[in-house]
Amino acid sequence: VPREWAGEKRNRLMKILDDDYRVGSWMGSAELYKTRRFYSELIGDQVLPVSDEISERIVCTQIHALLTKEENEYIAAAIADAVERVAQGK
C-alpha cells in the first residue's frame, strides 16, 4: 500500500477483506529478522529501516495454483473494492 497507508490504513484494508469478503490476508513482518536466529546471525545488530517501513505497508493475500479463475476474480474484486473503501475513508 502507499506510504501514507502504512499501519492503520493497511490494517483497515485487511480487516475489510476478512470481515466483508472472507479473503484472508497477512502482513510482512520486520520482526522476522529480529526474532529468527538464522536472520539475526546473518545481520547482527543492524537496523534495517527499509525492511521496517515495507513491513508496515505490505499486504499478502491468498494465492495458489489450485484456485479457480472465479476465485481469483473474486479475490481481485474484493481487493479493488476494499482499497476504494479505505481511500474514501469508509
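Quick caveat, the model's predicted, so the values are computed rather than measured.
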Just wondering, do [Y] and [X] contact through their side chains at under 4.5 Å, heavy atoms?
| X | Y | value |
| --- | --- | --- |
| Arg10 | Glu56 | yes |
| Leu48 | Tyr39 | no |
| Val23 | Tyr74 | yes |

Could you check whether any side-chain N or O of [X] sits under 3.5 Å from a backbone N or O of [Y], counting only pairs where one atom can act as donor and the other as acceptor?
| X | Y | result |
| --- | --- | --- |
| Asp81 | Ala77 | no |
| Arg57 | Ala6 | no |
| Arg22 | Asp18 | yes |
| Arg85 | Leu13 | no |

Would Glu53 and Arg3 pass as an ion pair if we require N to O under 4.0 Å?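 Judged by the 4.0 Å cut-off on N to carboxylate O distance, Glu53 and Arg3 do form a salt bridge.
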So, Asp20 and Lys15, do they make that salt bridge, N to O below 4.0 Å?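 A salt bridge is absent here (no side-chain N lies under 4.0 Å from a carboxylate O).
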Can you tell me how far the [atom1] atom of [X] sits from the [atom2] atom of [Y], to the nearest 0.5 Å?
| X | Y | atom1 | atom2 | result |
| --- | --- | --- | --- | --- |
| Met14 | Thr61 | CE | OG1 | 10.0 Å |
| Gln62 | Leu67 | CD | CG | 7.0 Å |
| Ser25 | Ile58 | OG | CD1 | 11.5 Å |

Test side-chain contact (heavy atoms from CB on, under 4.5 Å) applied to Glu70 - qualifying residues, sequence neighbours left out: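 With neighbours one apart ignored, the set is Thr68.
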Ile79-Ile63 co-clustered via ILVMFWY side chain contacts under 4.5 Å: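 Shared cluster, no.
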Is there a chain of hydrophobic side chains (I, L, V, M, F, W, Y, each step under 4.5 Å between heavy atoms) that links Ile43 to Val47?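 Different clusters.
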With respect to Val86, which candidate in Val1, Ile16, Asn11 satisfies the side chain to side chain contact (heavy atoms under 4.5 Å, CB included) definition?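 It is Ile16, the one option of Val1, Ile16, Asn11 that forms the side chain to side chain contact (heavy atoms under 4.5 Å, CB included) with Val86.
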Exercise: identify the closest heavy-atom pair between Asp52 and Ser55: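 Nearest heavy atoms, Asp52 then Ser55: O-OG, 2.7 Å.
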With a sphere of 6.0 Å drawn around CD of Glu4, does it hold more than 12 non-hydrogen atoms of other residues, nucleotides or ligands?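 Counting neighbours around CD of Glu4, more than 12 heavy atoms of other residues, nucleotides or ligands fall under 6.0 Å, so yes.
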